[in-house]
2 protein chains.
Amino acid sequence: MANMNSALLALADPTRRAVFERVARSPAPVGDIAMGLPVSRPAVSQHLKVLKEAGLVLDHADGARRIYRIDPRGLGPLRAWLDQFWGEALDAFAADLEAHAKDDKDDDHD
Amino acid sequence: MANMNSALLALADPTRRAVFERVARSPAPVGDIAMGLPVSRPAVSQHLKVLKEAGLVLDHADGARRIYRIDPRGLGPLRAWLDQFWGEALDAFAADLEAHAKDDKDDDHD
DNA sequence: GCTTACCGTAAGCGTACACTTACGGTAAAT
DNA sequence: ATTTACCGTAAGTGTACGCTTACGGTAAGC
């Protein structure tokens with residue numbers, strides 16, 4: 001689908017994000033990717049499928065092997081959403097600071 | 001925890017992301033947030049707890065109500081990760097384009 | 001004091017999902 | 001042609017998680 005929702009869902013899982021980062025460093029076949037991770041090769045294959053459907057990676061055949069590489073355009077929607085959100089959030093935060101301006105200390109953290 | 005992992009996990013769920021966007025627009029009590037969503041109030045409360053532990057929102061008491069507002073600093077780590085990744089990804093992509101330069105068309109999409 | 005409003009949490013449930021093993025299919029090697 | 005290497009998918013399993021209803025606790029209103 002390659003929208004922001006699927007990208008966010010794909011990158012939420014730590015293992016899958018590790019796969020993504022590995023592929024981002026340099027294109028590699030599935031076996032090589034799986035070798036650096038604590039999961040089986042089919043698991044990596046499934047993760048790559050999700051990443052591919054999210055528009056985050058591209059694949060092409062190389063003999064019996066299948067090379068995966070990153071598709072940086074897949075990060076576009078997510079980055080755009082975050083950027084638009086960044087300004088909006090800062091505006092709201094600043095406005096809220098002006099409005100209250102004094103009760104900024106009574107928020108309880110864990 | 002307020003790290004990138006928890007932020008990514010928190011924003012992955014569509015309902016919780018809707019809660020986050022609602023809070024980002026303007027601070028609001030739990031009941032008001034729940035009113036604009038197709039889930040119950042306790043569900044919103046649980047989502048807010050996750051968002052709070054991820055460092056994405058702040059809360060403060062206002063009588064019997066509890067006002068939630070965004071914490072834009074929570075998006076920092078995620079944005080930093082994405083930025084660092086953005087350049088890295090583009091570099092790898094460009095390098096790969098130079099290396100292959102001709103088999104850019106044999107990637108199969110769904 | 002009693003009632004009403006607002007909220008967090010516990011308990012329980014159904015489902016999505018990350019992982020494994022097993023299998024089949026294609027491509028290179030001998 | 002047979003074997004070996006590499007990979008995707010199907011089937012099954014355990015668990016995390018998003019949601020609901022039920023409950024208890026605090027703050028304002030009468």
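Worth knowing before you read on, the calculation uses all heavy atoms, side chains too, and leaves out hydrogens, waters and symmetry mates. Labels below follow one simple rule: chain letters A, B, ... track the order of the sequence lines, proteins then strands, and each chain is numbered from 1.
Summarising the geometry of L56(B) relative to A10(B), their closest heavy-atom pair is CD1-CB, 4.1 Å, with the distance given to 0.1 Å.
One interatomic measurement links the two molecules: OH of Y68(A) to P of dC6(D), which rounds to 15 Å at whole-angstrom precision. Summarising the geometry, the separation between CG on L51(B) and P on dG8(C) is reported as 12 Å, rounded to the nearest angstrom. Remark: P of dC6(C) and CD1 of I33(B) are 14 Å apart, rounded to the nearest angstrom. Distance, D62(A) CG to dC6(D) P: 12 Å, rounded to whole Å. Atom-to-atom, NZ of K49(A) to C1' of dC7(D) comes out at 13 Å; the value is rounded to the nearest Å. Atom CZ of R66(A) and atom C1' of dG8(D) are 9 Å apart (whole Å). Between the CG atom of D59(A) and the P atom of dT9(D) there is a distance of 10 Å, rounded to whole Å.
By the 4.0 Å N-to-carboxylate-O rule, D71(A) lies too far from K52(A) to be salt-bridged with it.
For the ring-ring contact (aromatic ring centres under 6.0 Å, His included) condition, the pairs that include at least one residue of residues 6-31 of chain A, sequence neighbours left out, are F20(A)-F85(B).
When the salt bridge (charged side-chain N to carboxylate O under 4.0 Å, His left out) test is applied to R65(A), the partners found at least two apart in sequence or on another chain are D62(A).
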Atom pairs under 3.5 Å: protein N/O with N/O of nucleotides 18-23 of chain D:
from: dG18(D); atom 1: OP2; to: R16(B); atom 2: NH1; distance (Å): 2.9
from: dG18(D); atom 1: OP2; to: R16(B); atom 2: NH2; distance (Å): 3.4
from: dC19(D); atom 1: OP1; to: T15(B); atom 2: OG1; distance (Å): 3.0
from: dC19(D); atom 1: OP2; to: H47(B); atom 2: NE2; distance (Å): 2.1
from: dT20(D); atom 1: OP2; to: S40(B); atom 2: N; distance (Å): 2.8
from: dT20(D); atom 1: OP2; to: S40(B); atom 2: OG; distance (Å): 2.7
from: dT20(D); atom 1: O4; to: Q46(B); atom 2: NE2; distance (Å): 3.1

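Considering only heavy atoms from C-beta on, V50(B) stays 4.5 Å or farther from D13(B) through its side chain.
Shown are Q46(B), R16(B), R17(B); of these, the side chain to side chain contact (heavy atoms under 4.5 Å, CB included) with L51(B) is made only by R16(B).
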